[in-house]
Amino acid sequence: MTQLEELLADWIPQQRWFAGKGAPIDTVTVHAQHPLVCGDPGLRVLIVEVAQRDGVSRYQVLLGLRPAGTLRAELAHAAIGVCRIDGVTRTVYDASHDPELTALLLERLAAADGSGPDAVGGPARGGTADGAPPAPVRFRRLDDADVHSGHRRSLVLSGEQSNTSLVYGEDYVLKFFRRLWPGLNPDLELTAALADSDYVARPHAWIETDVRQDGRPVPTTLAMLQEFMRSATDGWVLAATSVRDLYDAPGLAPGDAGGDFAGEAERLGAATAAVHRALARELPTDVLSSHALQDLARSMLDRLHRAATEVPELQPYAGVLRSAYEDLARVDEPLPIQRVHGDFHLGQVVRTDGGWVLLDFEGEPAAPVEERRRPSSPLRDVAGMLRSFDYAARYQLVGSADAADLAPAAHAWAQRNRDAFCAGYAYGGGVDPEKHQTVLRAFEYDKAVYEVLYEAHNRPSWLRIPLDSIAALAA
Ligand SMILES: Nc1ncnc2c1ncn2[C@@H]1O[C@H](COP(=O)(O)OP(=O)(O)O)[C@@H](O)[C@H]1O
Ligand SMILES: O=P(O)(O)O[C@H]1O[C@H](CO)[C@@H](O[C@H]2O[C@H](CO)[C@@H](O)[C@H](O)[C@H]2O)[C@H](O)[C@H]1O
């Protein structure tokens, strides 16, 4: 490995967005390096390949470069290290934290030519008049997007993120996809398909490059610029506040405790149904054949095997989970499928003055992009949100001395909001989740198993949450 690759091999595992935390890194290779800003400071987009026991994954690093010893104190936390690059000793750092550099990205997006919605996922436009190939990193803007670079300073959104989002003033969010899969990112694809919907943050522009796959260059989304919902409050924060109010009111039912969330849960259900209907209008739909249903059940079983091998505490419940998947494989009614959110939870929705807005249509960040772009049952998203109500109810019990006393209240809160969400989903025009219990249960179990792996890798102290839910579901 080069000096830079050695530094990255130490730095990458400490990043929240690194998805390979379950195993050590063997090597890091800089697969491509595209200069965006030359000079001092400099900015390069790196595509790095991280080799681990289970294979090689690609990540995007925004590399800032300054002469060694000149990194300002406020950027010290972003430092990756000091190494020689192009014969000069430089400090390299995570440029997403450097507003001086990120301002230039917004300027490039504002200056980009407009493209129609078909340009999303379309071929790179052909280079310059003299026939030169398209630029390695392309800045593209939707035709009717009004991107201006007046609010230049960006701030990195803090929080439990799989990617890195920069907020410019109060206007835009620029989200850099960290784990890269060749091709169109489903977040950009679905957000663009829903561009006119009141339930999504309007997409404006994107950044892409070509990533080689099987010897061919594949246009691959690096980042998406969308409207910043300035009046937004995170759904997780709202739900957690409601749960806290309930825990502070011993003996009261969730509907009587103050801060009841059921009205919001119901409206969220209706908003989810509206988004599903819009996705079904804009993008292909199908019906799952019985053969495909069996494949789906098998994929759930595979995930269970992987999770139970890695997290043995799951093994006592494997029998119950397996039989839920077998029931799914035997469902003999047609299961409509369409594009869905794919990783739906309370942290992916924000409440604005105008109602609920859905974010982050990327799907489960660890899954290959072909899998995430595959149509699925909308009940998969319903199940994701039901899991999230369970999380919101349980997470304040982790490590609490009052956990046993509060458990009935947690159960009541989750049940009330599950019911409200499902009712809202049905009256909002979605299928009635209550009438599809076998499918819903299988998706819920599968999501909980995913969460077991997710927590084991990212937040081991939260591992008990999905494990306890599975124990309760299996009881
Ligand atoms: N357009 C937006 N407007 C307001 N807040 C946003 C917007 N996009 C993201 N956020 C906030 O950032 C958080 C993480 O964004 P998300 O797109 O889910 O990132 P990730 O893919 O890294 O999980 C969201 O939960 C939300 O609170
Ligand atoms: O939002 P991301 O796309 O990064 O999704 C990943 O991280 C989520 C946590 O931030 C994780 O969600 C799990 O924890 C949530 C509470 O923090 C909870 O509301 C969800 O129900 C639970 O699944 C998500 O699974 C993961 O893909």
Side-chain angles (χ1 to χ4, degrees), residues 17 36-37 41 43 45 60 62 64 74-75 78 94-117 119-120 137-178 185-208 221-238 271 275 347-362:
W17 43 260
L36 287 186
V37 180
L43 171 60
V45 170
Q60 172 178 199
L62 279 177
E74 65 269 26
L75 286 172
D94 183 351
S96 62
H97 292 275
D98 187 346
E100 191 179 338
L101 289 172
T102 57
L104 302 171
L105 299 175
L106 188 62
E107 274 175 21
R108 299 275 290 269
L109 286 166
D113 290 339
S115 320
V120 172
V137 173
R138 299 181 290 275
F139 290 76
R140 307 188 74 178
R141 182 173 61 79
L142 285 166
D143 259 341
D144 53 355
D146 175 25
V147 180
H148 56 95
S149 52
H151 293 286
R152 295 158 58 95
R153 276 193 84 77
S154 70
L155 271 178
V156 178
L157 270 184
S158 58
E160 300 274 326
Q161 283 203 251
S162 304
N163 296 294
T164 300
S165 297
L166 311 183
V167 180
Y168 288 91
E170 289 203 319
D171 293 337
Y172 307 114
V173 175
L174 180 61
K175 168 154 133 178
F176 282 90
F177 299 108
R178 289 298 194 163
N185 189 293
D187 199 7
L188 173 61
E189 181 187 18
L190 298 201
T191 308
L194 295 169
D196 295 329
S197 164
D198 290 340
Y199 300 104
V200 300
R202 187 170 288 278
H204 292 307
W206 72 101
I207 307 176
E208 63 179 27
T221 321
L222 294 174
M224 172 172 72
L225 185 78
Q226 69 182 150
E227 173 188 6
F228 177 60
M229 311 303 294
R230 64 193 85 164
S231 73
T233 311
D234 192 293
W236 172 258
V237 172
L238 287 174
V275 167
Q348 313 279 41
V349 292
V350 288
R351 180 69 163 90
T352 69
D353 292 346
W356 286 102
V357 166
L358 279 57
L359 300 168
D360 192 6
F361 289 80
E362 203 190 0

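When a residue number appears, it is its place in the shown sequence, counting from 1.
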Student: So, using salt bridge (Lys or Arg N to Asp or Glu O under 4.0 Å) as the criterion, who are the partners of E107 when residues are at least two apart?
Tutor: R152
Student: Spell out, as yes or no, whether a donor-acceptor pair under 3.5 Å connects the side chain of Y168 to the backbone of T102.
Tutor: yes
Student: Once side-chain hydrogen bond (donor to acceptor under 3.5 Å, both in side chains) is applied, do any residues pair with S165, and if so which ones, sequence neighbours excluded?
Tutor: Q161
Student: Looking at residues at least two apart in the chain, or sitting in another chain, which of them share a ring-ring contact (aromatic ring centres under 6.0 Å, His included) with F361?
Tutor: H341
Student: For a 4.5 angstrom cut-off between non-hydrogen side-chain atoms, does E208 reach L188?
Tutor: no
Student: Can a side-chain donor-acceptor contact be found between T164 and R178 if the only test is distance below 3.5 angstrom?
Tutor: yes
Student: Can you tell me how far apart OG (S154) and CD (E100) are? Round to the nearest 0.5 Å.
Tutor: 11.5 Å
Student: Looking at every non-hydrogen atom in both residues, tell me the closest pair between P203 and T191 and how far apart they are.
Tutor: CG-O, 3.6 Å
Student: Which atom pair, heavy atoms only, marks the closest approach of L109 to L174?
Tutor: CD1-CD1, 3.9 Å
Student: To the nearest 0.5 Å, how far apart are CZ in R108 and CD1 in I207?
Tutor: 8.5 Å
Student: What are the two closest heavy atoms between A201 and V357, and how far apart are they?
Tutor: N-CG1, 3.7 Å
Student: Would you say L155 and L166 make side-chain contact, with heavy atoms under 4.5 Å?
Tutor: no
Student: Can you list the residues that meet the side-chain hydrogen bond (donor to acceptor under 3.5 Å, both in side chains) rule with T221, with sequence neighbours excluded?
Tutor: none
Student: For A112, which residues count as a side-chain contact (heavy atoms from CB on, under 4.5 Å) partner, sequence neighbours excluded?
Tutor: F139, R141
Student: Using 0.5 Å steps for rounding, measure from the CG atom of D98 to the CD atom of E74.
Tutor: 8.5 Å
Student: With a 4.5 Å limit on heavy-atom distance, are the side chains of M224 and N185 in contact?
Tutor: no
Student: Rounded to the nearest 0.5 Å, what's the gap from CZ on R351 to CG on L238? Could you check?
Tutor: 8.5 Å
Student: Looking at every heavy atom in both R230 and E170, which two are closest together, and how far apart are they?
Tutor: NE-O, 3.3 Å
Student: Quick one: closest heavy-atom pair of D146 and H204, and the distance?
Tutor: N-ND1, 4.4 Å
Student: On a heavy-atom basis, which atom in T352 and which in A232 lie closest, and how many Å separate them?
Tutor: CG2-CB, 4.1 Å
Student: Mind checking whether L106 and L225 have side chains closer than 4.5 Å, heavy atoms only?
Tutor: yes
Student: Indicate yes or no for a side-chain donor-acceptor contact from Q60 to the backbone of L222 under 3.5 Å, with no hydrogens or angles considered.
Tutor: yes
Student: Find the distance between CG (L194) and CZ (R202) and round it off to the nearest 0.5 Å.
Tutor: 11.5 Å
Student: Just jot down the side-chain hydrogen bond (donor to acceptor under 3.5 Å, both in side chains) partners of W356, sequence neighbours excluded, or say none.
Tutor: E264
Student: Is the side chain of S231 donor-acceptor paired with the backbone N or O of D353 at a distance under 3.5 Å, no angle test?
Tutor: yes
Student: Quick check: do D171 and F228 have side-chain heavy atoms less than 4.5 Å from each other?
Tutor: no
Student: With side chain to side chain contact (heavy atoms under 4.5 Å, CB included) as the criterion, how do L36 and V45 come out once you've worked through the C-alpha distance, each side chain's angles and the decisive distance to 0.1 Å?
Tutor: CA-CA 7 Å; L36 287 186; V45 170; 3.5 Å; yes
Student: Decide if the gap between the ring center of H148 and the ring center of Y172 is smaller than 6.0 angstrom.
Tutor: yes
Student: To the nearest 0.5 Å, what is the distance between CG on L101 and CG on L62?
Tutor: 9.0 Å
